[in-house]
S.K.: 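The structure is given below, and queries will be raised subsequently.
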Amino acid sequence: MNTLKTSTQPLHLFLTALFIFSTSLLSAQSIKGIVRDSQGKPIEDVYVLHVLSGNHTHTNTSGLFSLKGVNTGDELRFSKLGYAAFAKAITSTTEMLQITIEEAPIDLDAVNITNDVDVLNTLIRADLSVNPVTNSQEILQSVPGLFIGQHAGGGKAEQLFLRGFDVDHGTDVALTVDGMPVNMVSHAHGQGYSDLHFVIPETIENISYGKGSYDKEVGNFATAGHIDFRTKDYVRDNFIRAEIGDFNYQRYVGLAQLIDNQNTSAYVATEYLTFDGPFDSPQNFDRVNIFGKLNYLADNGDKLSVSVSRFDSEWDASGQIPQRAVDRGLIGRFGAIDDTEGGETSRTNVNITYDKMLSEKERFKSNVFYSNYDFLLFSNFTFFLEDPVNGDQIKQQESRDLFGFNAAYTLNTVLGDHKLDLTAGMQLRNDRVTGSELSRTLNRRTTLENIQLGDIIETNTAAFAGATWFINDFMIDAGLRLEHFKFNYKDALAPTYDTQSQSETALLPKLNFNYKVSDQLQLYFKNGVGFHSNDTRVVLQQEADDILPKSYNSDLGTIWKPTDRMVINTALWYLFLEQEFVYVGDAGIVEPSGETERYGFDLGLRYQLTDHLFFDGNLNYAHARAINEPAGEDFIPLAPEWTSTGGLSLRDWNGFNAGFRYRYIADRAANEDNSITAEGYFVSDLNINYDLARDITLGVAVQNLFDVEWNETQFATESRLANEIGSTDEIHFTPGTPFFIRATLQYRF
């Protein structure tokens, strides 16, 4: 008997434990809470882990979370990059948890490999914390794999390069700020023109991005990718900053919190920048920015944000100069053939965002926006090729009103005991452009000939729906997007009044998979169809067949965390595009071309060497070719092949913050047969800041640390100089900035 009793005792204990565990699961409750920082502000995307079950969730934009299966006595853990990890023992499941987590130095150990949060966007938040942006170009350079070039000293929008695309100023990358579009359709200078200079860099809180066309909520121009910049809801430190540097550089910026309580916050930011640049003919660049934002967070989690901004800029420019003029000694590298180029632009924005929690499982998110935009640009790409007497200066001009909204409904439910998120939404964008003009001019004063002149109304409506199903460590994300465009054009140069009109519709499916192999490794496979619209004048005047040329994309990638402080991401990708855009230098416009394909790989590394020292690097390769052209004549002009960015950063070490950054682009074809080469370059920058006192910071920043002679933007252009009999087709370039140092003084209050 004693033997039998002894043998059944372990079984009895096991059954008792199983009963207790099962009972606790049945009685476990759904617990709710809100996570705030030390100033009482809600924190988004905090990772909330139930230690007992391993289940997790994340806080929403209002800092709220809900987690099932939690019982009294269980432990929850809270973590987020830039905050100290926090653990909470649950004493009651009926009360709303009020969690406060403290800010802490960035530690990559807090990066969690999960299927319900984009790890790559988490990493870019770390990048922004380690390498905060301080000028408008650095905003774009923060996106891994995105390369930029400037050829008007900061006046024009940057030229973008991504995944084998010379994106020009935005034709194949969709840019938004707080959900408001930046790209301009049917723009006087180029399709998708994206001038981001209305954003004050210090107001950026985070950046979310995606390469390819895999997001059901993003439409036009998202062929190579999309980027959304999110501004701060509040300012942690009021400050004023002054920057003084070479070439008459001056920049003054200030941020001040006006209202700050638990439910309401409001702040204002201003920026003034003036800069002559290194050019023989000063660019007289002058820009003013003002931005204000009001946020209201209701006790139930509803959130209302209103932002207003105004931007004004004007400049002179030396333009793109021909290599032969420098080689012959006619001008220096910073000289000009026509120094009357330049322009002016302005933009006023109003953006209202409203997020409402309809229920514990339902959320409605929306924003409505309005922009008033003016643009005037004088350029001379070919000098005296078309007009040997007056020269080839052109004027591009427009005035625009842009209105639209985005609305999305999300339902969090279950299917087969697995989490299922259902989303549906609508979007509207209406552009009304008056006086869209391309003219030949003389000395920015006299109009010699109108080439194009008219008014444009372009309306884009879209609807999307999708489902994201989480099956243990596997995630399936399927979506469908419907786009409809209507193009109207009133040609002011036509002999009789006539409104030209045409419509087109596109259906865009998306299908993405994620698999969490372990807590250290995630695999993903993304597929999607995207598009970029054509210019209204191309659609109507040239009767183009491909009004909404589509792109077909696939990505196969991994996110791997081999150690607590190292994250490696890789991707193999392919992209087919039904219609390319090719730059036409002699007219300063773009025109449609044929089918193209691209494939390549991305490699990214983030490594925290110590508590204060960080390394990041990105290496990108792209093979880009036209499909229907003969071999050897199928190069896509200026498509980048090899690019790399990265650097070292020192954060919060004995009052010092510093960074060394580099960017590299390899030689690439400048024309279709690769007979003209755009030279690559390797340029590096350095910045060092020291907290002299609690409220005072001194800094120095150096661009082009090793004084490299480099060409920032390059085009193969046919041109003729005033003393030449015939024309020459060769590289025309804008020289990159030489060694350039500036000092900074900042006061916090």
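Keep in mind that what you see is a predicted model, and the values were worked out from it rather than measured.
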S.K.: Does this structure show an ion pair linking Lys156 with Glu341, if we count only N-O contacts that are shorter than 4.0 Å?
M.R.: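 No.
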S.K.: Using a 6.0 Å distance limit plus a 45 degree cone around the ring axis, check whether Arg347 lies over the aromatic ring of Phe198.
M.R.: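 Relative to the ring axis of Phe198, which defines the angle, Arg347 lies inside both limits.
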S.K.: Please round to the nearest 0.5 Å and tell me the distance separating atom CG of Asp338 and atom CG of Leu721.
M.R.: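 One gets 11.5 Å once the value is rounded to the nearest 0.5 Å.
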S.K.: Relative to Phe275, does Arg287 satisfy both conditions: NZ or CZ under 6.0 angstrom from the six-membered ring centre, and within 45 degrees of the ring's axis?
M.R.: no
S.K.: Is any side-chain heavy atom of Pro181 less than 4.5 Å from a side-chain heavy atom of Leu402?
M.R.: yes
S.K.: Are Asp280 and Arg333 ion-paired here, with the side-chain N under 4.0 Å from a carboxylate O?
M.R.: no
S.K.: Can you tell me how the ring of His732 sits relative to the ring of Phe383, calling it parallel under 30°, perpendicular over 60° and tilted otherwise?
M.R.: parallel
S.K.: Measuring from Thr717:OG1 to Glu730:CD, what's the distance to the nearest 0.5 Å?
M.R.: 9.0 Å
S.K.: Only one of Tyr681, Phe147, Phe682 clears side-chain contact (heavy atoms from CB on, under 4.5 Å) with Tyr664; which?
M.R.: Phe682
S.K.: Report the relative orientation of the aromatic rings in Phe660 and Phe706; use parallel for angles under 30°, tilted for 30 to 60°, perpendicular for over 60°.
M.R.: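 Phe660 and Phe706: perpendicular rings.
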S.K.: I'd like to know if the side chain of Asp392 reaches the main chain of Asp387, judged simply by a donor and an acceptor atom lying under 3.5 Å from each other, with no hydrogens or angles considered.
M.R.: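 A pair under 3.5 Å: yes.
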S.K.: Please confirm whether the backbone N or O of Pro144 pairs with a side-chain atom of Lys211, one donor and one acceptor, at under 3.5 Å?
M.R.: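 Checked: pair present.
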S.K.: Hey, what do you get for OG (Ser213) to CZ (Phe531), rounding to the nearest 0.5 Å?
M.R.: 10.0 Å
S.K.: Under 6.0 Å from the six-membered ring centre of Phe165 and within 45° of its axis: does the NZ or CZ of Arg598 meet both?
M.R.: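 Pair Arg598/Phe165 counts as cation-pi.
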S.K.: Looking at CD1 of Ile394 and CZ of Phe378, how far apart are the two atoms once the value is rounded to the nearest 0.5 Å?
M.R.: 10.5 Å
S.K.: Once rounded to the nearest 0.5 Å, what's the spacing between atom CD of Gln320 and atom OG of Ser719?
M.R.: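 Rounded to the nearest 0.5 Å, the CD-OG separation comes out at 10.5 Å.
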S.K.: Are Ile456 and Lys490 side-chain neighbours, meaning at least one heavy-atom pair lies under 4.5 Å?
M.R.: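 Contact flag for Ile456/Lys490 side chains = no.
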